Number of protein chains: 2
Amino acid sequence: MSAETERAWEYVLRTIETDLLSGALKPGDRLPPERTLAAHLSVGRSSVREAFRVLEVLGLIRTASGSGPQAGAIIVATPSGGMSALMRLQVAATGFAVADIVSTRLLLETSVAAELAATDADTTAPRQLLSAMDSPGLSEAEFLALDAQFHVSLAEASGNVVVAAMMAGLRSSIESYVLRAVPNLESWERTSARLRTEHAAILAAIESGQVAEARELVHDHISHYYAESHLTRDAASVA
Amino acid sequence: MSAETERAWEYVLRTIETDLLSGALKPGDRLPPERTLAAHLSVGRSSVREAFRVLEVLGLIRTASGSGPQAGAIIVATPSGGMSALMRLQVAATGFAVADIVSTRLLLETSVAAELAATDADTTAPRQLLSAMDSPGLSEAEFLALDAQFHVSLAEASGNVVVAAMMAGLRSSIESYVLRAVPNLESWERTSARLRTEHAAILAAIESGQVAEARELVHDHISHYYAESHLTRDAASVA
DNA sequence: CCCATCTGTGTGGTCTGACCACATGCTACA
DNA sequence: TGTAGCATGTGGTCAGACCACACAGATGGG
């Protein structure tokens, strides 16, 4: 147990966190200008900036140059961005194995689907994404982006923000791998058609309240695709 | 689709991420000194530092002053720290509701327990923590810390690093709330005794392969405690 | 009177240079 | 030979300067 001296930017971060917890700061509020806050906390402006960078990447603030009410650092609390950055970098640094990402996604999404089927949640968002994926002339990347949004929208429909953020993070963390694995597919045409069919079946099972069916369909949908694209294998052989 | 000009620190971050993905950088490696990297990328040292702060908070690097092989920025890829910081701050900024944190924990942990029961995983770590919690004279905070470690160790036993990191993050994000809610309990003595009993039952179910039983016990264990401490209610009334 | 234009001001974004604290490793001296 | 002291390189921090940008108010022409 050493003195564990706190660095200046950590002090700034801790101060802001305290203000958030006490309610002195809340989403929509504007943080003081960097120079003012630096003077107020008796630290250099660079230390304030380092703390702000962290807050920005974590999705807590949004910064904008210029003047007026939209400029400065504003508290936003949009978790998906930070979750995505965290998971993406951890996967890049091999702190997270792609196989673990996939199985976590499987775990979360089957539970979400089961819960959605058990309740009667609003499914308009996934419905719209479903029809958007039927548009002709979509590129592979565009289709997969809509696909990702569809799955995230299911999590959002559950009303659990944390799970939704995790789903978004999990997805974006392996986005580059998924794109790179597309050529591994035997036929993109056939696969995308199957994905569309499966999406429709999943949504139908959810809307009709078939809990076990929804869970099963989601499980097969996800694991089937990853197996088909040989994603986990390729991820291991990237190095 | 604007030009979306990249800021200097984002450029640094992207460069490092690229090197990670390409395998040019991997855990254990040392990043170049800040001054060198700044000159190499034609940016200011402060921009490099802002990128480093982000990497540090996200658990990707560890920095140390001084000289020698241990000094500098070293890639470590320890995800739990970043996950904890992210969730803790998001909860503080009310981006994550405490109720969602709790239900996510419920979702993850019941699945983990079921999976552990279905396989025969190594349970020595949770066993040790179980006996550690039997030590007399533990303070409430100490007991709860061991409790948290017990649950995280279950996730770790599943072998899924992502889920383990999430569990650690979920737990630390509401740590302050949990501690503050202890006085709400009718009797800490009785509650802690019950927790110990339930932990033992959970572990026994897992080790004996009773899947449904393990899931059920974990569910009741978690939801019972939160209900008893009125945590979600208090969290809402903190402001 | 109204609208467009110009300008001042305050903000974040960045760079430079300087200094400190610290850990290491070498060197000179006893 | 061993130890004390010094040189070096690293992150940590601060101060100051400049830029780009967005807004608000002043200014001018219609």
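Fair warning: this is a prediction, and the values are worked out from it, not measured in the lab.
Taken from CZ in B:Arg53 to OG in A:Ser46, the straight-line distance is 10.5 Å, to the nearest 0.5 Å. The structure places NE2 of A:His151 at 5.0 Å from CD of A:Glu109, a figure rounded to the nearest 0.5 Å.
Across B:Leu154, B:Val152, B:Asp147, B:Leu146, a single residue satisfies side-chain contact (heavy atoms from CB on, under 4.5 Å) together with B:Leu129, and that is B:Leu146.
B:Phe52 has its CZ atom 15 Å from the P atom of D:dT13, to the nearest Å. When rounded to the nearest whole Å, the span between CZ of A:Arg35 and C1' of D:dG16 equals 10 Å. C:dT16 atom C1' lies 17 Å from atom CG of B:Leu41, rounded to whole Å. When the C1' atom of D:dG11 is taken as reference, atom CZ of B:Arg49 falls 6 Å away, rounded to whole Å. Atom CZ of A:Arg45 and atom C1' of C:dG10 are 11 Å apart (whole Å).
At a cut-off of 3.5 angstrom, counting only N and O atoms as typed in the model, there is no donor on one side facing an acceptor on the other between the side-chain of A:Arg7 and the base of D:dG11. No hydrogens or angles were tested; on distance alone, nothing pairs the side chain of B:Arg53 with the base of D:dG12 as donor and acceptor under 3.5 Å.
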Please table the atom pairs, donor to acceptor, closer than 3.5 Å between any side-chain atom in residues 85-98 of chain A and protein atoms at least two apart or in another chain.
residue : atom : partner : partner atom : Å
A:Arg88 : NH1  : B:Glu17 : OE1          : 2.7
A:Arg88 : NH1  : B:Glu17 : OE2          : 2.6
A:Gln90 : NE2  : B:Leu58 : O            : 3.0

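Residue B:Ala64 is in sugar-phosphate contact alone, with no base atom involved, counting any heavy-atom pair closer than 4.0 Å across all strands shown. At the heavy-atom level, B:Thr36 lies nowhere under 4.0 Å from the strands shown. At the heavy-atom level, A:Arg62 lies nowhere under 4.0 Å from the strands shown.
Residues B:Gly72 and A:Ser46 both approach DNA chain D. Their nearest nucleotides, taken by heavy-atom distance, put B:Gly72 toward the 5′ side.
In this structure, the side chain of B:Ser192 engages the main chain of B:Trp188 through a donor-acceptor pair within 3.5 Å.
Listed nucleotides: D:dG11, C:dT14, D:dT13. Nearest to the side chain of A:Ala8: D:dT13.
Both tests pass for B:Arg180 against the ring of B:Tyr177: distance under 6.0 Å to the centre and angle within 45° of the axis.
B:Ser47 has no side-chain polar atom (N or O) that falls below the 4.0 Å cut-off from OP1 or OP2 of C:dG13.
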Any protein N or O atoms within reach of nucleotides 22-24 of chain C? Criterion: under 3.5 Å, listing atom names and distances.
residue : atom : partner : partner atom : Å
C:dA23  : N3   : B:Ser67 : N            : 3.4

